[in-house]
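Written below as structure tokens is the structure these notes are about.
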Amino acid sequence: MKRRGFSLAELSLVFIVASVFLAAVVCSAAKIRQAASAQRVIEELNAIAVASSGYYSEHGAWPASSADLRPGYLTQQSTAVNPFGNAYIITSNAFSLSVSTLLPKGLVSGKSYGSEVVVINQGSNDLISITTPPETRTWKLKYEKKYIYKE
């Protein structure tokens with residue numbers, strides 16, 4: 001008598017191997033999404049900094065918050081919160097402006113980005129900030145893959 005089909009052990013092995021591959025794909029996709037969101041945060045920090053420079057040029061003072069930059073300097077699609085749910089914070093003095101936010105720990109490192117981006121570890125999060133003096137009009141940050149460097 002010929003046996004037709006697969007045994008329970010063979011089917012179980014196939015399901016286990018397929019589950020391992022599926023778990024690896026899901027984990028990779030989640031890391032890729034987080035890296036893309038981290039890149040988006042850096043781009044938004046840059047946009048807020050450039051908009052703040054325009055605000056400074058027009059008003060002679062730095063904006064108190066990102067709400068001061070809407071709708072004239074930032075697009076309506078920009079929000080005061082990054083993709084990870086943390087607010088963008090603008091701090092300034094007479095000499096410079098700093099735009100910062102929190103990201104999950106380890107997504108961005110100081111070596112990944114140029115000197116304009118500062119990464120400070122704060123427990124389970126990293127504080128990411130960009131600082132500019134008032135005379136800076138454009139930042140000329142160039143985005144290439146995961147690295148940012150000054151032109």
Side-chain angles (χ1 to χ4, degrees), residues 12-151:
S12 297
L13 181 63
V14 168
F15 284 127
I16 289 171
V17 170
S19 298
V20 168
F21 284 133
L22 184 62
V25 167
V26 169
C27 184
S28 285
K31 287 182 181 180
I32 290 170
R33 273 194 303 271
Q34 277 195 329
S37 293
Q39 181 67 30
R40 181 174 157 215
V41 167
I42 298 298
E43 291 169 1
E44 287 177 356
L45 285 173
N46 182 42
I48 293 170
V50 169
S52 297
S53 293
Y55 185 94
Y56 184 88
S57 295
E58 193 170 310
H59 298 280
W62 295 109
S65 70
S66 59
D68 295 341
L69 300 173
R70 282 185 203 87
Y73 301 93
L74 290 175
T75 63
Q76 291 296 338
Q77 292 82 10
S78 66
T79 65
V81 178
N82 72 24
F84 300 97
N86 298 307
Y88 291 107
I89 301 164
I90 297 176
T91 52
S92 62
N93 58 32
F95 307 108
S96 66
L97 168 99
S98 178
V99 184
S100 58
T101 190
L102 291 173
L103 287 180
K105 185 176 182 177
L107 280 182
V108 175
S109 70
K111 295 178 183 175
S112 300
Y113 298 99
S115 61
E116 295 88 0
V117 178
V118 178
V119 180
I120 301 170
N121 186 342
Q122 291 193 336
S124 63
N125 292 314
D126 289 335
L127 178 69
I128 312 300
S129 63
I130 295 178
T131 304
T132 183
E135 57 273 359
T136 301
R137 295 292 185 254
T138 60
W139 284 40
K140 295 185 181 174
L141 290 178
K142 187 172 183 179
Y143 300 99
E144 186 173 308
K145 291 185 182 175
K146 202 174 170 197
Y147 300 98
I148 296 178
Y149 56 92
K150 201 171 191 176
E151 255 186 343

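Quantities reported herein were computed from a predicted structural model and do not represent experimental measurements.
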Residues which pass side chain to side chain contact (heavy atoms under 4.5 Å, CB included) with Ile89, listed by chain and number, not counting sequence neighbours: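 Ile89 satisfies side chain to side chain contact (heavy atoms under 4.5 Å, CB included) with Thr91, Ser100 only.
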Sequence neighbours excluded, which residues qualify as side chain to side chain contact (heavy atoms under 4.5 Å, CB included) partners of Ser12?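 Testing Ser12 for side chain to side chain contact (heavy atoms under 4.5 Å, CB included), a comparison that skips the adjacent residues, returns Leu8.
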Nearest heavy-atom neighbours spanning [X] and [Y]:
X: Ile90; Y: Ser52; answer: CD1-OG, 4.2 Å
X: Pro104; Y: Asp126; answer: O-OD2, 4.1 Å
X: Val41; Y: Tyr88; answer: CA-OH, 3.8 Å
X: Ala51; Y: Leu74; answer: CB-CD2, 3.7 Å

With side-chain hydrogen bond (donor to acceptor under 3.5 Å, both in side chains) as the rule and sequence neighbours excluded, what pairs involving residues 18-31 come up? none
Which residues pass the side-chain hydrogen bond (donor to acceptor under 3.5 Å, both in side chains) test with Asn82, not counting sequence neighbours?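 Per chain and number, Asn82 pairs via side-chain hydrogen bond (donor to acceptor under 3.5 Å, both in side chains) with Thr101.
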Which residues share a side-chain hydrogen bond (donor to acceptor under 3.5 Å, both in side chains) with Ser66, sequence neighbours left out: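 By the side-chain hydrogen bond (donor to acceptor under 3.5 Å, both in side chains) rule, Ser66 matches no residue at all.
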What distance separates [X] [atom1] from [Y] [atom2], expressed to the nearest 0.5 Å?
X: Lys105; Y: Asn125; atom1: NZ; atom2: CG; value: 9.5 Å
X: Leu103; Y: Ser37; atom1: CG; atom2: OG; value: 9.5 Å
X: Leu97; Y: Tyr55; atom1: CG; atom2: OH; value: 11.5 Å

Side chain proximity check, Leu102 to Phe84, heavy atoms < 4.5 angstrom: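 The answer is no, as the side chains (C-beta and beyond) never meet within the 4.5 Å cut-off.
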Quick one: list whatever passes salt bridge (charged side-chain N to carboxylate O under 4.0 Å, His left out) with Arg40, sequence neighbours left out.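 Glu44.
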